[in-house]
Amino acid sequence: MVFVDGVRTPFGKAGSKGQYAQTRADDMVVKVIRELLRRHPELPAERIDEVAIAATTQIGDQGLTIGRTAALLAGLPKSVPGFAIDRMCAGAMTAVTTVSSGIAFGAYDVVIAGGVEHMGNHPMGEGVDPNPRFVSDKLVDPSALVMGSTAENLHDRYPSLTKERTDAYAALSQQRYDEAHRTGKIAPDLVPVSTRSDEGWGLATTDEPPRPGTTVEDLAGLKTPFRPHGRVTPGNAAGLNDGATGALLADAETAAELGLPVGMRMVGYAFAGVEPEVMGVGPVPSTEKALQRAGLSIDDIGLFEINEAFAVQVLAFLEHFGIADDDPRVNPWGGAIACGHPLASSGVRLMTQLSRHFEQHPEVRYGITTMCIGIGMGGTVIWENPNYNAGGGQ
């Protein structure tokens with residue numbers, strides 16, 4: 001299976017003052033689907049075999065089998081089916097791995113996979129009713145259902161992951177994103193979105209969450225909302241965001257037949273469960289599992305796109321694998337701490353950026369996209385660079 005291309009909306013701040021406050025989630029998905037087709041006129045719309053769209057909160061404008069409804073709203077032929085999928089933060093990642101398995105099986109030739117989250121319209125956990133047995137039977141600690149509390153638990157478990165380190169990592173994420181934005185590396189992935197507000201119509205063209213110029217000193221004094229005198233702050237964690245992503249995936253032979261570009265090739269993937277109380281450590285076992293199944297080691301990986309739900313979760317991964325906090329191979333353009341994390345959409349943002357990195361780094365053969373997942377999971381996908389030059393090193 002090959003990753004052809006990926007796009008996303010600019011990410012917004014959730015809430016009444018955010019740029020998408022009066023914009024529908026399904027309309028954001030429609031923009032992404034249409035942009036993928038606009039960028040690839042060589043792909044006849046009727047050749048699309050499936051549209052898989054993830055959302056964590058599947059109600060309201062994110063409900064009604066959004067993969068199918070968004071396909072219809074985007075003007076795809078009515079013969080093109082679609083479905084919705086949910087694995088919390090790894091929704092779009094799971095959409096990709098699910099349809100990629102279908103491609104490998106021969107059920108699909110070309111698919112669109114992505115995700116959306118309008119956290120302004122649908123705050124995390126809206127409408128859910130956790131079974132009381134989770135707590136009464138002590139299946140999980142109550143903190144397992146509060147993502148910020150799980151990040152504090154991770155600090156407890158690994159005392160070497162200090163607040164000073166997480167703040168330094170968060171400031172670096174902002175710095176790297178700002179540099180990538182200023183040098184024109186972010187904009188090509190974005191599709192402008194018409195927005196509506198009480199003042200009238202607008203156009204979202206850039207990410208809203210980044211705070212350029214953020215320093216460690218700025219972050220040091222922020223409040224710790226999940227625990228008195230804690231370590232997790234709004235500055236070293238991703239915010240509450242709105243946005244959508246989408247990717248074109250294809251069988252390699254079909255891509256060649258239609259003249260579709262190849263951004264990268266999927267090598268393998270794995271998901272793994274961990275204790276829900278420390279869900280942030282999930283990328284460690286999922287990466288070990290994916291590497292083992294692919295016959296690779298961490299030393300074979302030359303680029304990493306790690307979702308930054310919390311800085312402590314990224315550092316737990318890096319420390320486990322012996323990678324420096326500021327390793328330039330990790331999130332070269334910054335990450336979710338800077339640009340935002342609209343839950344189910346983020347997996348495809350990671351993939352799209354990794355494919356762009358591959359273009360610039362023919363010396364790198366393999367890269368991974370990985371993320372922690374609520375309720376105690378991790379997901380990892382291993383990718384191969386089609387531009388790899390065997391004489392160029394790793």
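Because only heavy atoms are used, hydrogens play no part in the values below, and waters and symmetry mates are left out as well, while side chains stay in.
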Could you go through residues 81-88 and list every donor-acceptor pair under 3.5 Å that involves a side-chain atom there, pairing it with any protein atom two or more places apart or in another chain?
unit_1 : atom_1 : unit_2 : atom_2 : d
Asp86  : OD1    : Met88  : N      : 2.7
Arg87  : NE     : Thr94  : OG1    : 2.9

Sort and list the pairs that fulfil salt bridge (charged side-chain N to carboxylate O under 4.0 Å, His left out) and have at least one residue in [range], not counting sequence neighbours.
| range | answer |
| --- | --- |
| residues 373-388 | Arg365-Glu384 |
| residues 160-171 | Lys163-Asp167, Arg165-Glu319, Arg165-Asp325 |
| residues 249-271 | Arg47-Glu257 |

With sequence neighbours excluded, tell me which residues meet side chain to side chain donor-acceptor pair (under 3.5 Å) with Glu305.
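Applying side chain to side chain donor-acceptor pair (under 3.5 Å) to Glu305 gives His357.
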According to side chain to side chain donor-acceptor pair (under 3.5 Å), who are the partners of Ser173, at least two apart in sequence or on a separate chain?
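For Ser173, the residues satisfying side chain to side chain donor-acceptor pair (under 3.5 Å) (neighbours in sequence not counted) are Glu308.
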Residues pairing under side-chain hydrogen bond (donor to acceptor under 3.5 Å, both in side chains) where one sits in residues 60-72, two or more places apart or in two chains, turn out to be Asp61-Asn121, Asp61-His122, Gln62-Glu117
Which pairs, with at least one residue in [range] and sequence neighbours excluded, count as a ring-ring contact (aromatic ring centres under 6.0 Å, His included)?
| range | value |
| --- | --- |
| residues 1-26 | Phe3-Trp383 |
| residues 293-330 | Phe317-Phe321 |
| residues 41-64 | none |

Remaining members of Leu73's ILVMFWY cluster at a side-chain heavy-atom cut-off under 4.5 Å?
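Members alongside Leu73: Val30.
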For Ile186, the hydrophobic cluster (side chain heavy atoms closer than 4.5 Å, chained through members) also holds Tyr177, Leu190, Trp333
Counting only heavy atoms from other residues, nucleotides and ligands, does the tally under 6.0 Å from CD of Gln22 exceed 12?
yes
A quick test of your reading: do over 12 heavy atoms of other residues, nucleotides or ligands sit less than 6.0 Å from CG of Leu318?
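For Leu318, atom CG is crowded (more than 12 foreign heavy atoms under 6.0 Å).
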Considering all heavy atoms of both residues, which atom of Thr224 and which atom of Arg231 are nearest to each other, and what is their separation?
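That would be CG2-N, 3.9 Å.
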Identify the heavy atoms of Gln174 and Ala338 that sit nearest to each other, and give their distance.
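Looks like OE1-CB, 3.6 Å.
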